[in-house]
Q: 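Before I ask anything, here is the structure I am working with.
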Amino acid sequence: MINERDAILVLNAGSSSIKFELFEVAGAPVARFAGQVEGIGAAPHFVAKDAAGARLADRRWDDGGAPANHRAALGVIIDWLDGVLAGRRVAAIGHRVVHGGPDLAAPVLVDVAVMERLRELAPLAPLHQPHNLAGIAAAAERFPGVPQVACFDTAFHRAHAWEADTFALPPEFYARGIRRYGFHGLSYEYIARRLAEEDPALAAGRVVVAHLGNGASLCAMHGGRSVDSTMGFTALDGVPMGTRSGQIDPGVLLHLLGTEGLALQDVQKLLYGNAGLKGMSGISQDVRDLEASDDPRAAQALSHFCWRVRREVGALAAALGGIDALVFTAGIGENARGIRARVCEGLGFLGIAVDPERNAANAPVISPPGAATRVLVRQTDEEGMIARHVLDLLRRSNKA
Ligand code: ADP
């Protein structure tokens, strides 16, 4: 049973961080507190803020006693939350889980069987899934009996047509789960729902969403449903990212592993951690640092990034048979005016143009008045999307 004044906790456990957001249930979930422990395993740092962004806690452990693992880091978060919950009950916990595999196309209540299934999927996302599951295990231990809900980054894309979902390999590979899953689904779903609330006619049309953050991908949506995405089997595919390569000719990997004799772990480190904006520039993964730098490698990295994102907008518009709106979201999409303008350069053939004043102001609509294709900027909210899923699932199971 869920009551007004109950709280929903959302956790997003990554390789070295646990992010949290606490929502109050007041009809819909309302965000109250958010924060994270980052640097788990190295130099942990805990920060918590209220909904207005005011910093309520900021802690490092220079004198020892630092949380050594995810379980201990979650302990730090829960101890802090105990102080602000003021007797309110945590009615459920929602978890961001990167991979739901071919079958899990909607959020699920976690039980022993689901946990086992999610563990089996870990080889499909070795850098993310084990940490997501460690977060669920730690939360279940700390909140016994409280429903834990897993929400998947892949779920929004599960209805892709086979043509978009397959690689050009013999069918047994597809049967073994080697498919183009797509990720960032919680972000895309949030944008789809928001557009449907704001402008149902537009949401019913053909929309390309560019989620450009540290991780980056684009999604083609028709009628609010994902038709295709730039990410594939893993979150490495598609456009270049902060530290990830994005799409790369598979022949390059054969060359590195075969001819050059690189170890598998070194290639993995290169593609996930030392490629993309950071690897190309040799300076930083952060667009702000690259925009501020006068090093030509910084300019080149940004040029390549914009080029690849523009290409993918064109490819996804082709997948949709046209485009009614392009939506920019996530850290780069929401803030980096110069990147947005450069991505849209040359897309006039799709009716895409950017109004310089609107773009400079990060306005919600940055295309000129009367443009054939609208270009929008929207803030994404993956945690808010998870909280809504948790509430929907609890309300459904109460009725059942
Ligand atoms: P994550 O994938 O970690 O959630 P975000 O969506 O928060 O990432 O995006 C973080 C990235 O957004 C930063 O690395 C930086 O490149 C970019 N970014 C954030 N703010 C700005 C800004 N004001 N101008 C340009 N780029 C920005």
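We count ligands from 1, going down the list as the structure has it; atoms in each ligand are counted the same way.
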Q: Within the 3.5 Å criterion, strictly below it, is a donor on S303 or R342 matched to an acceptor on the partner's side chain?
A: yes
Q: Could you give all pairs that pass the ring pair (Phe, Tyr, Trp, His ring centres under 6.0 Å) test and reach residues 297-317, with sequence neighbours left out?
A: none
Q: Do other residues, nucleotides or ligands put more than 12 heavy atoms under 6.0 Å from R311 CZ?
A: no
Q: Carefully, step by step, assess D381 and R194 under the rule side chain to side chain contact (heavy atoms under 4.5 Å, CB included).
A: CA-CA 10 Å; D381 185 6; R194 188 150 164 207; over 6 Å; no
Q: Applying a heavy-atom distance cut-off of 4.0 Å, which protein residues contact ligand 1?
A: G213, N214, G215, D286, V287, R288, A330, G331, I332, N335, A336
Q: Between D111 and R117, is there a salt bridge with N-O shorter than 4.0 Å?
A: no
Q: Looking at H128 versus H99, is the centre-to-centre ring distance below 6.0 Å?
A: no
